[in-house]
Amino acid sequence: MPSAFQFQCHLVLIFLAASKGETRYLEVRDAGENDPFLLLSEDLKRELSAGQIYRRSLREFLWCSGCIDMLSIEGQFTFTANQPQLHCATFFIGEPEELITIHYDFVNIDCQGGDFLKVFDGWILKGEKFPSSLDHPLSTSQRYVDFCESGNIQRSIRSSQNVAMIFFRIQLPGNGFTVTVKKISNLFPCNVISQTPSGRFTMVIPHQHRNCSFSIIYPVVIKISDLILGHLNGLFLKKKPSASCAGVGDFVELLGGAGLDPSKMFPLADLCHSFHGSAQMKIGCDNTVLRMVSSGKHINRVTFEYHQLDLQEAETRKENSIEEFCFPSI
């Protein structure tokens with residue numbers, strides 16, 4: 001499992017952009033400015049509102065280890081290696097209700113010489129995946145699409161959630177590829193990574209046997225205001241092995257940790273009953289996940305809001321807070 005530093009290092013582009021709450025239209029400054037931070041562009045907004053296709057090159061920023069880029073907009077993106085690039089990745093993220101499609105327009109790499117270009121359905125860092133294997137409809141092997149194996153057979157790949165990525169190795173300068181990225185509507189968002197440290201979201205699972213996770217890559221205060229499940233039971237804090245919603249079939253759990261994979265995070269609390277009101281929790285972990293487990297027998301729905309937790313809030317208890325966790329990591 002990566003350390004908290006490694007995790008935040010790889011995702012620093014999201015942190016810096018989301019701290020401004022400005023992720024609908026993002027671009028990166030020219031590489032000559034030596035600044036990989038994401039900025040809001042008024043020119044870009046005007047271009048997109050006029051219906052133009054946004055185009056730019058993928059960057060070769062050496063950030064932490066390897067080269068990395070982050071995209072949250074539609075457009076056509078080209079990568080041309082200026083030098084051998086052995087460990088590169090581009091992360092794509094949309095709004096919670098969006099899916100991402102990646103289409104290969106042009107590929108010029110040396111598959112026989114050890115180059116590769118792969119799409120992953122979700123995000124993967126240091127062996128940790130989002131969504132986890134427990135929450136994704138496909139097996140891990142099916143979530144990879146390797147251009148060197150599929151070639152022209154599968155030129156378009158659609159994600160199962162609002163995040164996807166490509167990772168690649170290109171050893172010969174001048175080689176590269178061009179992809180077009182588009183987003184389509186997802187009526188029932190399931191697995192989501194939030195672009196921002198604050199927001200409000202309603203997750204609905206309509207008679208489907210599946211698990212859905214909403215990941216917030218910040219320490220947060222999370223407040224559940226509405227929960228509808230197909231049964232009535234209770235709420236259990238995960239302090240005793242016997243206290244859980246195991247066997248219930250439909251419940252919501254809160255998780256916290258320093259990595260990306262919800263299945264490797266620490267379970268903090270289970271909510272096993274429908275209610276209208278407020279249940280609040282302060283979670284000081286580097287990553288917070290609200291996960292709904294559904295048997296498929298009912299229509300389950302949960303509404304929650306969240307905002308980034310600061311040190312002052314961490315020291316102040318509120319009457320409707322059910323528990324506090326992970327504060328030493330803030």
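Throughout, numbering of the chain's residues begins at 1 and tracks the sequence. Computation of the quantities below employed the complete heavy-atom set of this structure, encompassing side-chain atoms and omitting hydrogens, waters and symmetry-equivalent molecules.
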Practice prompt. Measure the spacing between CG of Leu58 and OG1 of Thr80 and express it to the nearest 0.5 Å.
Written response: 9.0 Å
Item to complete: Write down the atom of Ala89, the atom of Met165, and the distance for their closest heavy-atom approach.
Response: CB-CE, 3.9 Å
Worksheet item: So, do Arg200 and Ser225 sit near enough that their side-chain heavy atoms are less than 4.5 Å apart?
Response: yes
Item to complete: Please name the residue in the list Ile224, Ile216, Val192, Leu255 that meets the side chain to side chain contact (heavy atoms under 4.5 Å, CB included) test with Leu290.
Response: Ile224
Worksheet entry | Donor on one side chain, acceptor on other, Ser213 and Ser215, under 3.5 Å | no
Worksheet entry | 4.5 Å side-chain heavy-atom contact, His103 and Thr101 | no
Item to complete: Could you pull out the closest heavy-atom pair between Asp115 and Cys148, with the gap in Å?
Response: O-SG, 3.6 Å
Discussion item. With a 3.5 Å distance limit and no angle check, can you tell me whether Gln208 reaches the backbone of Ile205 through a side-chain donor-acceptor pair?
Written reply: no
Discussion item. Can you list everything that forms a ring pair (Phe, Tyr, Trp, His ring centres under 6.0 Å) with Phe77? Sequence neighbours excluded, please.
Written reply: none
Fill in: Distance-minimising heavy-atom pair for Trp123 and Ala164
NE1-O, 3.0 Å
Discussion item. To the closest 0.5 Å, what do you measure between CD1 (Ile222) and CG (Leu268)?
Written reply: 10.5 Å
Response to the item:
The reported gap from CG in Leu134 to NZ in Lys129 (rounded to nearest 0.5 angstrom) is 9.0 Å
Discussion item. Are Ile124 and Met70 linked, directly or through intermediate hydrophobic residues, by side-chain heavy-atom contacts shorter than 4.5 Å (ILVMFWY only)?
Written reply: yes
Fill in: From Arg143 atom CZ to Ser133 atom OG, the distance as rounded to the nearest 0.5 Å
6.0 Å
Worksheet item: Quick one: does Asp69's side chain get under 4.5 Å of Arg56's, heavy atoms only?
Response: yes
Worksheet item: So do Val163 and Phe91 actually touch side chain to side chain, heavy atoms under 4.5 Å?
Response: no
Discussion item. Quick check against the 3.5 Å criterion: does His209 have a side-chain atom that pairs as donor or acceptor with the backbone of Ser294?
Written reply: yes
Fill in: Closest contact, heavy atoms only, Asp105 versus Val179
OD2-C, 3.4 Å
Worksheet item: Below 4.5 Å, heavy atoms only, C-beta onward: do Val220 and Met281 meet side chain to side chain?
Response: no
Worksheet item: Does Asn162 reach the main-chain N or O of Gly94 with its side chain, forming a donor-acceptor pair under 3.5 Å?
Response: yes
Practice prompt. Could you state whether Tyr144 and Leu125 fall into the same hydrophobic cluster, counting links through intermediate Ile, Leu, Val, Met, Phe, Trp or Tyr residues with side-chain heavy atoms under 4.5 angstrom apart?
Written response: yes
Worksheet entry | Working for side-chain contact (heavy atoms from CB on, under 4.5 Å), residues Ile109 and Phe168 | CA-CA 10 Å; Ile109 63 175; Phe168 52 94; over 6 Å; no
Fill in: Closest approach of Pro173 to Pro84 (non-hydrogen atoms, all atoms of both residues)
CG-CD, 4.2 Å
Discussion item. Counting C-beta onward and ignoring hydrogens, is there a side-chain heavy-atom pair between Ser159 and Asp121 closer than 4.5 Å?
Written reply: yes
Worksheet item: Is Phe275 reachable from Val252 through a run of hydrophobic residues whose side-chain heavy atoms are each under 4.5 Å from the next?
Response: yes
Worksheet, complete the sentence: For Leu138 and His136, the nearest pair of non-hydrogen atoms, with its separation, is N-ND1, 3.0 Å
Item to complete: Would you give the length of the straight line joining atom CZ of Phe188 to atom CZ of Arg210, rounded to the nearest 0.5 angstrom?
Response: 10.5 Å
Fill in: NZ/Lys118: more than 12 non-hydrogen atoms of other groups inside 6.0 Å
yes
Practice prompt. Please lay out, stage by stage, how Tyr306 and Thr288 fare under the test side-chain hydrogen bond (donor to acceptor under 3.5 Å, both in side chains).
Written response: CA-CA 10 Å; Tyr306 54 95; Thr288 300; over 6 Å; no
Practice prompt. Show the numbers, then the answer: is there a side-chain contact (heavy atoms from CB on, under 4.5 Å) between Ser274 and Leu227?
Written response: CA-CA 5 Å; Ser274 300; Leu227 176 62; 5.5 Å; no
Item to complete: Considering only Ile, Leu, Val, Met, Phe, Trp and Tyr, and joining two whenever side-chain heavy atoms are under 4.5 Å apart, list the other residues clustered with Phe106.
Response: none
Discussion item. Rounded at 0.5 Å granularity, tell me how far CG in Leu254 sits from CG in Leu271.
Written reply: 6.0 Å
Fill in: Full working for side-chain contact (heavy atoms from CB on, under 4.5 Å) between Ile299 and Val204
CA-CA 7 Å; Ile299 298 176; Val204 180; 4.2 Å; yes
Practice prompt. Verify whether one side chain among Ser160 and Asn191 offers a donor that lies under 3.5 Å from an acceptor in the other.
Written response: no
Practice prompt. Report yes if some heavy atom in the side chain of Tyr218 is under 4.5 Å from a heavy atom in the side chain of Thr196; otherwise report no.
Written response: no
Practice prompt. Output yes when Glu253 and Arg291 qualify as a salt bridge under the 4.0 Å nitrogen-oxygen rule, no when they do not.
Written response: yes
Item to complete: Spell out, as yes or no, whether a donor-acceptor pair under 3.5 Å connects the side chain of Lys223 to the backbone of His307.
Response: no
Fill in: Parallel, tilted or perpendicular, as decided by the 30° and 60° cut-offs, for the rings of Phe79 and Phe177
parallel
Discussion item. Measuring only between side-chain heavy atoms, which start at C-beta, is Glu95 closer than 4.5 Å to Lys183?
Written reply: no
Discussion item. Do Phe251 and Ile228 land in one hydrophobic cluster if side-chain heavy atoms of ILVMFWY residues count as linked below 4.5 Å?
Written reply: no
Worksheet entry | Hydrophobic cluster membership, Ile283 vs Phe201, 4.5 Å side-chain cutoff | yes
Worksheet entry | Residues in ring pair (Phe, Tyr, Trp, His ring centres under 6.0 Å) contact with Phe130, at least two apart in sequence or another chain | none
Discussion item. One pair to check against side-chain contact (heavy atoms from CB on, under 4.5 Å): Arg55 and Thr178. What are the steps and the verdict?
Written reply: CA-CA 10 Å; Arg55 293 180 173 87; Thr178 298; over 6 Å; no
Practice prompt. Examine distances only and state if a side-chain atom of Gln161 and a backbone atom of Pro131 form a donor-acceptor pair shorter than 3.5 Å.
Written response: no
Fill in: Single hit among Tyr104, Phe167, Phe116 for ring-ring contact (aromatic ring centres under 6.0 Å, His included) with Phe147
Tyr104
